[in-house]
Amino acid sequence: MATRRISTACLSRYSQNAFRTAPRSRSLLPISRPHSLRQLQTSPLLYQEQANVGKKRDPAPQLVRGESKLFKDADAAVADIKSGSTILSAGFGLCGTAETIIEALAKRGPESLNGLTAVSNNAGAAGGGGLSPLVQSGQIDRLILSFIGTNKSLEKQYLSGKIAIELCPQGTIAERIRAGGAGIPAFFTPTGINTLLQSGDIPVRLGPVDKATNKQTVLEGGQPRETRIFDGKVYGMEKAIKADVAILRAHKVDEAGNVQFRYTTKAFGQVMGKAAKVTIVEAENIVPVGEIHPDHVHLPGIYVDRIVPSKVEKVIEIRKLKEAEGQSNGEKSASQLRRERIAKRTAKELKNGYYVNLGVGIPTLAPSFLPSGSKVWIQSENGLLGMGAYPTEEEVDADVINAGKETVTIVPGGSTFDSAESFAMIRGGHIDVSVLGALEVSANGDLANFMIPGKVFKGMGGAMDLVGNPDQTKIVIATDHVAKDGSPKIVEQCALPLTGAKCVSTIITDLCVFEVDRTKGGLTLTELAPGVTVETIKEKTGAKFAIADDIKSME
């Protein structure tokens, strides 16, 4: 049910009435009335909380303290999970997913286990893995995700109304889960303000096409966010996520349930393990109590209820390798040259010592053009700070991936952490620059890059969180100047759903550089690519712009 916004005037009237009618409780201390206007007194009692005895649902699996947490296999550990349960599935892409447990859930079949709600960053890959078996079998009825990506099968199921999907930004999902595990019912965040997320206009479940209008019907809409203003900025309220069961994969678990993850498998494992009534961990190594040093425990045993041996081999979703020297024949396509021109100019935004986040695609090429000796710390929102180059075949590690699910390396001094920590860095303004791609950018700095209604439904991933604090983290867009069909990407107003409003400061394309006035709105052309004229920019840009007095060359 959507939350209802209450105006300040209404709140004021309500407060006055409440204070008039509510009995004032007496102070617990015998303090005489001060002569000043300030006085110590207790707050009026407005409500008396009563036990919630009316709500009934199938309970989570029962636990008995003191019993062994070790189960012989995943089949035994999931045997009492009930239909209609909410399940938290850890992992990022296919990195750190509980494949053994998911396989056991799928073996139960839709007759025995169905109507599940699953919460995950994404629901498996196009080729299988992750939650894909449960989606394909129809055991999952509803998903809470940040990203569908290239999973065309899942996208098709959503667009045909066969499955409900609640899209939620990656960092917001992580924080909702963290809050659920910490006993915090809700919180306010800047993420998604002035977007369809705030208004609740991203459909959760679609219906058939209306023959009269030829438009697809919506059986269930999104939930509008209640908003409040803090320090002059609008924030939206997000409710915590709690679940019946959490399923994780870990590198090492002792018999008391203490968990140790490896590298980027921490992404959702730590927060999900704390937010469920029953947490099941499949362990690559089960060890005696005491073998994991207390300083190396990433999830304490208090949160873990069942331990099973991991039987399914790790899967690498995108094996990306470092290009060997001399491998290229020296000839580059027009597309490569265009992308490199954008990346080379983008590198100038990454100053020595900066902490930066680079989106997938063109932004990831920028570090290749940094000056020799320049040190830039690259953050990947799946939980990695100090991301290095792609690995050689010998360096490939299934537990070290970037936000694009590609294999990468970690530079000396790098660190790994969970997604809640990652997005605390991002929303908190600790990242100096964030570089993203775009479908559209408007003249006042609005960004659209996650959805084309009726055609593309991939999800926002971490993008909405990344642009949520543009006053402290500079947002740079690195993109082709025009789309594949020749239409302009830089427009007066975005026609596509927004990722963020008034968040972009600089736009770098293959043709030019624009600076954006986020306060007053408007573009200023400051740099041109070699051989490109102002007239060309006017022809290929769908927005008005000013021209700097001293236009520079991009190179």
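Quick note: residue numbers are just sequence positions, from 1. All values reported here derive from a predicted model rather than from experimental measurement.
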> Work out which heavy atom in Asn382 is nearest to a heavy atom in Ala403; give both atom names and the distance.
OD1-N, 3.4 Å
> So, using salt bridge (Lys or Arg N to Asp or Glu O under 4.0 Å) as the criterion, who are the partners of Glu492 when residues are at least two apart?
none
> State whether the side chain of Gln216 and the backbone N or O of Gly207 hold a donor-acceptor pair below 3.5 Å, judged by distance alone.
yes
> Does Arg345 have any side chain to side chain donor-acceptor pair (under 3.5 Å) partners at least two apart in sequence or in another chain, and if so, which?
Glu349, Glu527
> Checking Thr346 side chain against Ile342 main chain: does a donor-acceptor pair fall under 3.5 Å?
yes
> Between Glu155 and Ile148, is there a donor-acceptor pair closer than 3.5 Å when you use the side chain of the first and the backbone of the second?
no
> For residues 513-521, which side-chain N or O atoms pair as donor and acceptor with protein atoms under 3.5 Å away, sequence neighbours left out?
unit_1, atom_1, unit_2, atom_2, d
Glu515, OE1, Thr506, OG1, 2.8
Asp517, OD1, Thr519, N, 3.1
Asp517, OD1, Lys520, N, 2.9
Arg518, NE, Lys502, O, 2.8
Arg518, NH1, Asp471, OD1, 3.4
Arg518, NH2, Asp471, OD1, 3.1
Arg518, NH2, Lys502, O, 3.3

> Classify the side-chain pair Lys474/Ser505 by whether it contains a donor and acceptor separated by less than 3.5 Å.
no
> For Tyr390, what residues pass the ring pair (Phe, Tyr, Trp, His ring centres under 6.0 Å) criterion, not counting sequence neighbours?
none
> Would you call Glu421 and Lys266 a salt bridge, taking side-chain N to carboxylate O under 4.0 Å as the test?
no
> Checking Glu317 side chain against Cys95 main chain: does a donor-acceptor pair fall under 3.5 Å?
no
> So, using side chain to side chain donor-acceptor pair (under 3.5 Å) as the criterion, who are the partners of Thr265 when residues are at least two apart?
none
> Apply the side-chain contact (heavy atoms from CB on, under 4.5 Å) test between Gln379 and each candidate in Leu384, Leu385, Leu358, Val356; give the one that qualifies.
Leu385
> Under 3.5 Å, side-chain donor or acceptor atoms of residues 425-437 against the rest of the protein: list the pairs with distances, not counting sequence neighbours.
unit_1, atom_1, unit_2, atom_2, d
Arg427, NH1, Asp465, OD1, 3.4
Asp432, OD2, Tyr355, N, 2.8

> Output side-chain donor-acceptor pairs under 3.5 Å for residues 535-542, partner residues at least two apart or in another chain, one line each.
unit_1, atom_1, unit_2, atom_2, d
Thr536, OG1, Thr533, OG1, 3.0
Thr541, OG1, His481, NE2, 2.8
Thr541, OG1, Ile537, O, 2.6

> Just by modelled atom types, is the Ala123 backbone N or O under 3.5 Å from a matching donor or acceptor in the Ser120 side chain?
no
> Holding to salt bridge (Lys or Arg N to Asp or Glu O under 4.0 Å), I want the full list of residues that pass it with Asp480, two or more places apart in sequence or in another chain.
Arg338
> Could you check if a side-chain atom of Ile508 sits within less than 4.5 angstrom of a side-chain atom of Met554, using non-hydrogen atoms only?
yes
> With distance as the sole test, does Ser422 use its side chain to make a donor-acceptor pair with the main-chain N or O of Glu381 at under 3.5 Å?
yes
> Examine distances only and state if a side-chain atom of Thr117 and a backbone atom of Arg142 form a donor-acceptor pair shorter than 3.5 Å.
no
> Looking at residues at least two apart in the chain, or sitting in another chain, which of them share a salt bridge (Lys or Arg N to Asp or Glu O under 4.0 Å) with Asp510?
none
> Which value, rounded to the nearest 0.5 Å, describes the distance between Asp201 atom CG and Gln223 atom CD?
12.5 Å
> Is a side-chain donor or acceptor of Ser160 paired with a backbone partner of Gln157 at a separation under 3.5 angstrom?
yes
> Hey, can you pull the donor-acceptor pairs under 3.5 Å for the side chains in residues 87-94, sequence neighbours left out?
none

> Listed by chain and number, what are the side chain to side chain contact (heavy atoms under 4.5 Å, CB included) partners of Leu439, not counting sequence neighbours?
Ile452, Leu496
> Of all residues at least two apart in sequence or in a different chain, which pass the salt bridge (Lys or Arg N to Asp or Glu O under 4.0 Å) check with Asp550?
Lys552
> Hey, is the main chain of Gly500 close enough, under 3.5 Å, to the side chain of Thr195 for a donor-acceptor pair?
no
